[in-house]
Amino acid sequence: LDLRQTIARLDGEARRLFCETFARAQEKFGEVFKELFVDGEAELNMENPDSPLETDIAISVRPAGKRALSLTQLSAGEKATFQKQLETIV
């Protein structure tokens with residue numbers, strides 16, 4: 001194999017592994033959020049799914065009874081609760 005083929009193969013494998021891991025993280029993220037904020041919703045999304053290794057990740061949450069927010073817009077108490085729970089699963 002030449003260098004370009006090797007790089008292409010490694011890039012393809014990295015993309016596959018990242019996408020598989022991201023899908024599991026999306027699912028777990030939503031589950032954890034629902035445990036903390038009953039009837040709430042949370043999503044992780046790739047801003048550019050065509051380039052998974054270079055994309056930014058958007059985090060959107062909706063505690064029960066509230067409109068959808070970015071994670072940075074949660075109240076200080078909501079952030080602290082969520083951060084503590086995330087630490088237990090990471």
Side-chain angles (χ1 to χ4, degrees):
L1 294 174
D2 72 3
L3 182 58
R4 288 183 189 173
Q5 289 173 321
T6 301
I7 291 171
R9 185 178 53 80
L10 290 172
D11 186 60
E13 182 68 5
R15 285 172 179 265
R16 183 187 67 77
L17 290 172
F18 177 82
C19 289
E20 287 174 3
T21 303
F22 185 77
R24 288 192 305 272
Q26 278 180 307
E27 183 178 327
K28 189 67 171 177
F29 185 75
E31 289 172 7
V32 168
F33 194 84
K34 284 181 182 180
E35 287 177 19
L36 293 172
F37 301 98
V38 178
D39 294 329
E41 296 176 4
E43 292 183 346
L44 296 177
N45 292 298
M46 287 186 243
E47 291 187 357
N48 183 4
D50 293 333
S51 297
L53 299 179
E54 292 85 31
T55 191
D56 289 332
I57 305 298
I59 300 172
S60 124
V61 296
R62 189 188 63 73
K66 294 189 176 183
R67 63 182 174 79
L69 307 165
S70 74
L71 195 56
T72 59
Q73 295 173 307
L74 291 175
S75 71
E78 290 167 334
K79 286 179 190 175
T81 300
F82 193 63
Q83 179 182 1
K84 192 68 173 167
Q85 185 63 25
L86 280 178
E87 289 172 359
T88 66
I89 64 167
V90 174

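Both backbone and side-chain heavy atoms feed into the values below; hydrogens, waters and symmetry mates do not. Because the structure is a prediction, the values reported are computed rather than measured.
Distance CG/Leu44 to NZ/Lys28: 13.0 Å, rounded to 0.5 Å. Note: Asp39 CG to Arg62 CZ = 8.0 Å, rounded to the nearest 0.5 Å. Between Asp56 atom CG and Ser51 atom OG the span is 11.0 Å, to the nearest 0.5 Å. The CD atom of Glu41 sits 6.0 Å away from the NZ atom of Lys34 when rounded to the nearest 0.5 Å.
Under the ring-ring contact (aromatic ring centres under 6.0 Å, His included) criterion, no residue pair touches residues 55-77, with sequence neighbours excluded. For residues 30-58, the ring-ring contact (aromatic ring centres under 6.0 Å, His included) pairs, not counting sequence neighbours, are Phe33-Phe37, Phe33-Phe82. Pairs passing the salt bridge (Lys or Arg N to Asp or Glu O under 4.0 Å) check and including a residue from residues 13-27, sequence neighbours excluded, read Asp11-Arg15, Glu13-Arg16, Arg16-Glu20.
A pairwise comparison of heavy atoms in Glu43 and Asn45 identifies OE1-ND2, 3.2 Å as the closest pair. Here the shortest heavy-atom pairing between Phe22 and Met46 reads CD2-CE, 3.5 Å. Heavy atoms only, all atoms of each residue included: Asn48 and Thr55 are closest at N-OG1, 2.6 Å.
Val38 is not connected to Phe29 by any chain of hydrophobic side-chain contacts under 4.5 Å among Ile, Leu, Val, Met, Phe, Trp and Tyr, and they are in different clusters. Note on Leu53: it clusters hydrophobically with Ile57, by side-chain heavy-atom contacts below 4.5 Å among ILVMFWY residues.
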